[in-house]
Amino acid sequence: MATDDDDILTGAVPEPDAEPSAAERAHAKTFAELVDKTLAGRTPPAMSADDRALLEVATVIRAAAGNIELPAGRRRAAVEDALASAVGGGGATSGVVPITRGRARRWAPWAIATASSLVAAAAIAMLWLRAPRVVGLAASVPTSWKSRPADPLVGPIDRERAGDAATRIDTIFADRLDGYRERRFGHGRLP
């Protein structure tokens with residue numbers, strides 16, 4: 001029966017200078033064999049999650065160290081697969097895929113780039129050269145409809161009425177509402 005002390009990841013952490021136990025040595029030997037098998041391309045299909053995590057870390061460390069080269073055959077196959085997928089032929093590991101392009105595939109990207117540049121230039125020219133719209137309504141509206149000062153409504157504010165802002169705001173709002181009603185429903189309707 002395994003105990004929590006047997007698990008290297010969740011067990012107690014030994015002192016740095018302590019001698020490794022028999023269980024630690026056995027686990028290290030098993031893990032070393034697992035790393036060797038993985039590097040040889042024979043990774044076991046089933047393993048514990050802890051071993052898989054440690055194996056991934058070992059693989060990353062080995063790859064980061066550099067100087068790892070694939071055998072010539074596997075390197076050639078990887079390059080051919082990459083070229084084949086870039087050309088659009090899927091993955092072809094059996095041989096070299098010739099890179100052939102038709103006439104339309106050569107000029108199509110240039111045609112699309114040219115067309116989109118022309119559309120962008122036309123849009124900029126339209127924005128630059130268009131005549132500004134003049135709104136004639138603004139000139140025909142009386143000044144009292146555009147802006148009215150609130151001073152005649154509120155008048156000078158005495159010190160004793162300085163805190164009575166709500167009443168002043170209500171008076172200004174009522175005046176603006178009367179102006180709206182006059183314009184909308186009364187004789188001040190626009191032609």
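Just so we're clear, the structure is a prediction, and the values are computed from it rather than from any experiment.
Neither side chain, D170 nor T167, offers a donor N or O lying under 3.5 Å from an acceptor on the other.
Minimum interatomic distance between P44 and L34 (heavy atoms only, all atoms of both residues): CG-CD1, 3.3 Å. The two residues P45 and R52 come nearest to each other via the heavy atoms O-NH2, 3.6 Å. The minimum heavy-atom distance between A113 and S116, with the atom names listed, is O-OG, 3.0 Å. Nearest heavy atom pair, residue R161 against residue R168, reads O-NH1, 2.8 Å. Smallest separation of non-hydrogen atoms from F31 and D51: CE1-O, 3.9 Å.
Annotation: the span from S48 atom OG to L55 atom CG amounts to 10.0 Å, rounded to 0.5 Å.
Hydrophobic clustering (ILVMFWY, side-chain heavy atoms < 4.5 Å, transitive): I157 and I172 are in one cluster. No path of Ile, Leu, Val, Met, Phe, Trp and Tyr side chains, each step under 4.5 Å between heavy atoms, connects I169 with L153, placing them in separate hydrophobic clusters.
In this structure, the side chains of T43 and K37 stay at 4.5 Å or more apart for every pair of heavy atoms. Residues R25 and E19 meet the side-chain proximity criterion, which asks for heavy atoms closer than 4.5 Å. Residues S117 and T114 have side chains not in contact (no heavy-atom distance under 4.5 Å, counting atoms from C-beta outward). Residues I61 and E56 form no side-chain contact, since every pair of their non-hydrogen atoms from C-beta on lies 4.5 Å or further apart.
The number of heavy atoms from other shown groups lying within 6.0 Å of CZ (R176) is above 12.
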